[in-house]
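First up is the structure itself, then whatever we jot down about it.
The shown structure was predicted, so the numbers you read here are calculated from the model rather than taken from an experiment.
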Amino acid sequence: MIVNGQPEPLDGPTSVADLIDRHGLRADRVAVELNGEIVPRTRRADTMLDDGDTVEIVTFVQGG
């Protein structure tokens, strides 16, 4: 699987929510795109990842 342009192995069944946790990110501060499609927050725990997937995780940054 590719996460933010970098190869990352899958160590067994992994959901999008698991991936967010594994990266130490706050779920309420990120948007996740899986293979070109946004994954809604309500579906992150149910959306499972595969070896061939491409994931982009974008962190929201507050600024002014």
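M1 is not listed as a side-chain neighbour of D51, based on a closest heavy-atom distance of 4.5 Å or more. Contact check for D11 versus R22: side-chain heavy atoms found under the 4.5 Å cut-off.
The shortest heavy-atom contact between R44 and S15 is O-CB, 3.7 Å. Contact record, L10 with D50: CD1-C, 3.4 Å, taken as the closest heavy-atom pair.
Within 6.0 Å of atom CZ in R43, 12 or fewer heavy atoms from other residues, nucleotides or ligands are found, so the atom counts as exposed in its surroundings.
E56 CD to T54 OG1: the interatomic distance, rounded to the nearest 0.5 Å, is 8.0 Å.
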Between V30 and H23, does the side chain to side chain contact (heavy atoms under 4.5 Å, CB included) criterion hold? Intermediate values first, please.
CA-CA 11 Å; V30 298; H23 282 262; over 6 Å; no
Could you give me the CA-CA distance, side-chain angles and deciding distance for T14 and M48, then say whether side chain to side chain contact (heavy atoms under 4.5 Å, CB included) is met?
CA-CA 6 Å; T14 304; M48 301 306 290; 5.5 Å; no
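Of the possible donor and acceptor atoms, one in the side chain of N4 sits under 3.5 Å from a partner among the backbone N and O of I57.
Both L25 and L19 belong to a single network of hydrophobic side chains, linked directly or stepwise wherever heavy atoms of I, L, V, M, F, W or Y lie under 4.5 Å apart. Each of V58 and V39 belongs to its own hydrophobic cluster when Ile, Leu, Val, Met, Phe, Trp and Tyr are linked at side-chain heavy-atom distances under 4.5 angstrom.
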